[in-house]
Amino acid sequence: MSNYPFLSFGRPVSVRRGEGAYLVMDDGRRILDAAGGAIVTNIGHGRAEVAAAVAKATEEEGYVVPPWHTPSRVRLVERLVADWLPEHLTRIHLACGGSEGVESAMKIAIQHFAAVGRPEKCRIVGRSISYHGTTLATTAVGGHAARKKGLLQALQHYPSTPTPYPLRCPGNDPVGYYLEAFEDTIEAEGPDMIAAFVGEPIVGASGGALVPPDGYWEGIREICDRHEILLIADEVMTGFGRTGTTFGYQHWSFAPDLLVAGKGLAGGYAPLTGVFATDAIAAPIGETDFNVMFHTFAAHPAACAAADKVLEIMARERLIERAAATGERLMTALRDALGEHPNVAEVRGRGLLQGVEIVADRETLERFPVEANVTSRLVMECLERGVFLYGGGTGEVRDIMVIGPPFTIDDDDIDRIVSALSGALDAVL
Ligand SMILES: Cc1ncc(COP(=O)(O)O)c(C=O)c1O
């Protein structure tokens with residue numbers, strides 16, 4: 001079939017079905033889905049009770065415009081408020097994908113300042129290594145060189161500040177370095193022009209599970225407060241348990257003003273992303289005639305029913321605690337097997353979002369040339385060995401194998417991941 005995907009990338013990979021943490025391929029081979037698709041499937045594939053909930057919502061609720069209440073929507077919102085959201089994030093806007101969610105959060109921040117009579121505060125600061133989505137605005141605010149190719153001439157200017165990358169940070173005061181850089185970015189742009197700052201608490205695939213140094217986020221919060229800049233946490237990948245806490249920001253002592261979480265919310269069973277905000281942000285917008293416009297298919301009843309059931313299963317099976325514990329065992333196993341490998345610069349991450357950075361020289365941290373195509377060769381080699389890992393990086397930042405399996409994997413699965421990656425490294429390098 002040459003019509004799909006839009007651009008062909010070689011031999012198509014054909015999947016017949018998903019079962020737990022595994023994909024069953026067209027030829028009957030079973031592949032461990034150690035990337036959870038695109039770091040999405042947290043409760044595993046093929047859960048009959050999610051399918052039943054979706055079927056019921058489809059039959060009984062079909063399609064209803066997003067702002068209206070339906071039983072599935074109400075159930076999901078009530079569950080989110082009761083069990084999942086931090087107390088200060090009281091307002092809920094639902095979108096389909098993560099790009100829509102992040103762009104909605106950016107728009108809400110801009111509308112907020114317009115509503116309080118400060119329309120000049122309309123710029124959003126992003127970071128040098130990041131991915132926030134595929135729309136023109138989220139592409140522009142993000143720091144992903146490879147995904148900007150062919151678009152640069154159409155992208156608007158968004159100020160950018162360096163993403164913490166402890167492995168490659170110049171000097172020996174990483175927190176000071178990155179916070180000073182943020183202050184400089186704000187100064188150059190003018191604090192009165194900036195509505196919000198957007199960052200992933202732990203960077204997803206673009207940086208390969210980059211964990212900032214302790215103190216960074218508290219410092220960012222203080223600087224944002226001082227300049228009346230709203231803090232948007234993009235937790236499209238890290239939200240709903242992926243890093244071993246409900247939300248990634250909870251590894252530190254700060255709170256965002258807006259939080260966007262997608263992927264794991266409905267566990268891959270349906271497209272759904274939540275944009276969560278404080279009353280203080282939403283109330284002034286409510287006093288204007290501005291619209292926080294919905295996407296036609298946002299909060300689709302079937303997607304809400306899927307998410308409601310996924311969250312119920314996550315709580316019932318204590319899957320976040322399991323992600324934290326399994327994540328520690330996975331990291332220990334990866335470090336034991338690869339920690340001294342001459343081409344492994346670092347094994348990093350939190351919970352079940354981990355990255356293994358591959359370099360040509362472990363001492364100098366020099367990367368392999370782009371033309372060596374190390375990432376895609378490793379992904380293909382791991383697939384041959386029965387494990388799907390996600391290729392991370394931005395083009396400039398590259399050769400990071402990202403691991404983000406369902407939270408249900410067991411110790412045999414951990415062994416499979418480690419041995420596939422070790423074998424692939426030896427075969428490819
Ligand atoms: C942190 C982050 N933000 C936003 C997005 C965009 O989400 P989507 O692809 O659902 O539009 C992604 C997708 O990978 C992501 O990881």
Side-chain angles (χ1 to χ4, degrees), residues 5-6 35-42 93-109 124-148 151 158 160 163-164 196-212 217 231-243 247-249 251 256 258-276 295 297-300 303 306-307 349-355 388-395 397 400 402-404:
F6 192 82
I39 327 292
V40 174
T41 59
N42 47 9
H93 175 75
L94 293 170
C96 300
S99 311
E100 290 176 5
V102 175
E103 190 151 324
S104 298
M106 291 163 62
K107 287 167 62 186
I108 287 170
I124 315 279
V125 178
R127 299 196 300 177
S128 58
I129 305 166
S130 59
Y131 183 61
H132 298 299
T134 188
T135 62
L136 285 173
T138 53
T139 299
V141 79
H144 197 303
R147 292 180 186 163
K148 294 189 183 196
L151 296 170
Y158 281 81
S160 175
T163 301
F197 166 75
V198 58
E200 300 153 76
I202 295 173
V203 182
S206 60
L210 280 177
V211 183
W217 277 112
L231 203 170
I232 304 173
D234 178 349
E235 299 233 20
V236 168
M237 189 176 279
T238 51
F240 294 103
R242 172 57 59 192
T243 68
F247 295 107
Y249 83 84
H251 289 289
L258 287 134
L259 185 146
V260 187
K263 302 192 181 230
L265 170 56
Y269 287 88
L272 191 67
T273 296
V275 181
F276 310 112
H295 293 89
F297 293 114
H300 194 286
R350 288 282 172 94
L352 283 175
L353 177 61
Q354 300 191 15
F388 176 45
L389 299 181
Y390 205 68
T394 63
V397 173
I400 305 159
V402 182
I403 307 166

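Atoms within each ligand, like the ligands themselves, are counted from 1 in listed order.
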Main-chain N/O of Val102 paired to Lys107 side chain as donor or acceptor, under 3.5 Å: no

Aromatic ring pairing Phe197/Trp217, orientation class (parallel under 30°, perpendicular over 60°, tilted between): tilted

Plane angle bin for Phe388 and Tyr390 - parallel if under 30°, tilted between 30 and 60°, otherwise perpendicular: perpendicular

Verdict with reasoning, Thr243 to His251, per side-chain hydrogen bond (donor to acceptor under 3.5 Å, both in side chains): CA-CA 9 Å; Thr243 68; His251 289 289; 2.9 Å; yes

Counting both backbone and side chain atoms, is some N or O of [X] under 3.5 Å from an N or O of ligand 1?
X	result
Tyr131	yes
Lys263	yes
Gly133	no

Distance in Å, Thr138 OG1 paired with His144 NE2, rounded so as to fall on 0.5 Å steps: 12.0 Å

If you count the atoms of ligand 1 from 1 in the order shown, which ones are under 4.0 Å from a heavy atom of [X]?
X	result
Glu200	1 (C)
Met237	16 (O)
Gly97	10 (O)
Gly98	6 (C), 7 (O), 8 (P), 10 (O), 11 (O)
Asp234	1 (C), 2 (C), 3 (N), 4 (C)

Distance from atom 5 (C) of ligand 1 to nearest protein heavy atom, with residue and atom: Val236 CG1, 3.8 Å

